Amino acid sequence: MTDYTYIGSELDVFALATNWKAYYRKHIESYIGGEVLEVGAGIGATTLTLNRGGHTRWLCLEPDPALASQTSRLVESGELPAGCEVRVGTVGELEAHEETFDTVLYIDVLEHIEADREEVAAAAMRLSVGGHLVVLAPAHPGLYTPFDAMIGHHRRYTKESLAAVVPATLKRCELFYLDSVGAIASASNRYILKSGTPTRQQILFWDRVMIPLSKLFDPLFRYRVGKSVVGVWQRTGDDIS
């Protein structure tokens, strides 16, 4: 798929959210190991966050050639660890004989895919036995805004709706919300302020002020409230006859 162009323009701004990236990394990094498939790698900001080295292979899969080229430059410059490779395409376009992976990542990606159930089913078949599917996505349909539509979000998820698209053959390991303070701010923006595209200053305020507060409040709320939903599932091998 070389004719796909991502319609959003927010990736460079959200790449500045280093506290947020470190926060969600802490919650999912224990499930990331061995050979990794990162779906929708974009400009490589998530790869820089999650790939701490030591992986046998890390395949950055991105359907937009222009975005993929930015990640390729990070590989060529050595900013990304050895073992990273970039490919233009989608999970459905991987070769039939393509090897499986220990981890498949969808970090702020699944909401962009209209046929999410079919996408996750295809990804599940790329998991090695014992491997993990890790998804982070925007939460709560009620927080859907014109900005979501503008950057190509088909939906926002609840824990239940996210779990519903994952094949029953995978075992649930984690399912929780993150960023409770951000959820309150998003609700205020959605129903009171009704502002549009977040500015650089707003992103930095959220990252530097709200995320540290969410790190305090999320455990108090038992991770039942948040602007993002995180799910982790494992392929146990029960689907193999």
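The figures here come from the full heavy-atom set of this structure, side chains too, leaving out hydrogens, waters and symmetry mates. All figures in this text were calculated on a predicted structure; none of them were measured in a lab.
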If you round to the nearest 0.5 Å, how far is OG1 of T169 from CD of Q234? 12.0 Å
For D179 and S228, which I'm curious about, is there any donor-acceptor pair between the side chains at under 3.5 Å? no
Does either side chain, that of E38 or that of T47, offer a donor lying less than 3.5 Å from an acceptor on the other one? yes
Identify the heavy atoms of V91 and A123 that sit nearest to each other, and give their distance. CG1-N, 4.0 Å
For the residue pair V109 and V39, what are the closest heavy atoms and their distance? CG2-O, 3.3 Å
Specify the closest pair of heavy atoms between A163 and R172, including all atoms of both residues, with the distance to one decimal. CB-NH2, 3.7 Å
Distance-only, no hydrogens or angles: does the S214 side chain make a donor-acceptor pair with backbone N or O of V181 under 3.5 Å? yes
More than 12 non-hydrogen atoms from neighbouring residues, nucleotides or ligands closer than 6.0 Å to CD on E160, yes or no? yes
For E118, salt bridge (charged side-chain N to carboxylate O under 4.0 Å, His left out) partners two or more places apart: none
For P63 and T90 the tightest heavy-atom approach is CB-CG2, 4.1 Å
Are the side chain of H112 and the backbone N or O of I151 linked by a donor-acceptor pair below 3.5 Å? yes
Does the E62 side chain pair with the main chain of V88, one donor and one acceptor, at a distance under 3.5 Å? no
Can T236 and V129 be said to form a side-chain contact (heavy atoms from CB on, under 4.5 Å), step by step? CA-CA 6 Å; T236 62; V129 173; over 6 Å; no
What distance separates L80 CG from R73 CZ, expressed to the nearest 0.5 Å? 12.5 Å
Any donor-acceptor pair under 3.5 Å linking the side chain of T158 with the backbone of S161? yes
Point-to-point distance, once rounded to the nearest 0.5 Å, from CG of L220 to OG of S180: 8.5 Å
Are side-chain heavy atoms of I107 and I28 found at a separation under 4.5 Å? yes
Sidechain-backbone polar pair: T100 side chain, L127 backbone, donor-acceptor under 3.5 Å: no
Counting C-beta onward and ignoring hydrogens, is there a side-chain heavy-atom pair between Y223 and L175 closer than 4.5 Å? no
Look at the rings of H27 and F176 and say which category their plane angle falls in: under 30° parallel, 30 to 60° tilted, over 60° perpendicular. tilted
Kindly compute the distance separating CG (L11) from CG (D64), expressed to the nearest 0.5 Å. 9.0 Å
Under a 4.5 Å cut-off applied to non-hydrogen side-chain atoms, are W58 and V86 in contact? no
Just so I know, are the side chains of D148 and R156 near enough to count as touching, which here means a heavy-atom distance under 4.5 Å? yes
Does atom OH (Y31) have a neighbourhood of more than 12 heavy atoms from anything else shown, all under 6.0 Å? yes
Compute the centroid of each ring, for H153 and then for F147, and state whether the two points are separated by less than 6.0 Å. no
For V104 and Y106: C-alpha separation, side-chain torsions, deciding distance, then whether side-chain contact (heavy atoms from CB on, under 4.5 Å) applies. CA-CA 7 Å; V104 178; Y106 286 87; 3.7 Å; yes
Any donor-acceptor N or O pair under 3.5 Å, side chains D218, Y23: yes
pair Y157-D116: side-chain heavy atoms closer than 4.5 Å: yes
Closest heavy-atom contact between H55 and V36? ND1-CG2, 3.8 Å
Answer yes or no: is there a donor N or O on one side and an acceptor on the other, between the side chain of T71 and the main chain of C60, under 3.5 Å? no
With a 4.5 Å limit on heavy-atom distance, are the side chains of L133 and V120 in contact? yes
State which residues pass side chain to side chain contact (heavy atoms under 4.5 Å, CB included) with D108; sequence neighbours excluded, sorted by chain then number. E111, L136, P138
Closest non-hydrogen atom pair, K21 against A45: NZ-CB, 4.2 Å
Just do the side chain to side chain donor-acceptor pair (under 3.5 Å) check on S69 and S72 with the steps written out, would you? CA-CA 5 Å; S69 68; S72 293; over 6 Å; no
Tell me whether R126 contacts the main-chain N or O of D102 through its side chain, where contact means a donor paired with an acceptor under 3.5 Å. no
Residue pair R87, L59: steps toward the side-chain contact (heavy atoms from CB on, under 4.5 Å) verdict: CA-CA 7 Å; R87 189 180 305 177; L59 176 58; 3.9 Å; yes
So N51 and C84, do their side chains get closer than 4.5 Å, heavy atoms only? yes
Output yes when E85 and R57 qualify as a salt bridge under the 4.0 Å nitrogen-oxygen rule, no when they do not. yes
W206 vs W20 aromatic rings, parallel, tilted or perpendicular, using cut-offs 30° and 60°? tilted
I need the T18 OG1 to I211 CD1 distance, nearest 0.5 Å. 10.5 Å
Are the side chains of L74 and L48 in contact, using a 4.5 Å heavy-atom criterion? yes
CE-CG distance between M125 and L94, expressed to the nearest 0.5 angstrom: 13.0 Å
Is the number of heavy atoms from other residues, nucleotides or ligands under 6.0 Å of K215 NZ greater than 12? no
In V232, V230, V134, the residue satisfying side-chain contact (heavy atoms from CB on, under 4.5 Å) with E174 is V232
Intermediate values then yes/no, side-chain contact (heavy atoms from CB on, under 4.5 Å), K159 and Y177: CA-CA 8 Å; K159 290 194 298 184; Y177 293 110; 3.4 Å; yes
Whether the side chain of Q70 engages the backbone of L67 through a donor-acceptor N/O pair (distance < 3.5 Å, no angle test) should be reported. no
For I113, is there any backbone N or O sitting under 3.5 Å from a side-chain donor or acceptor partner on R155? yes
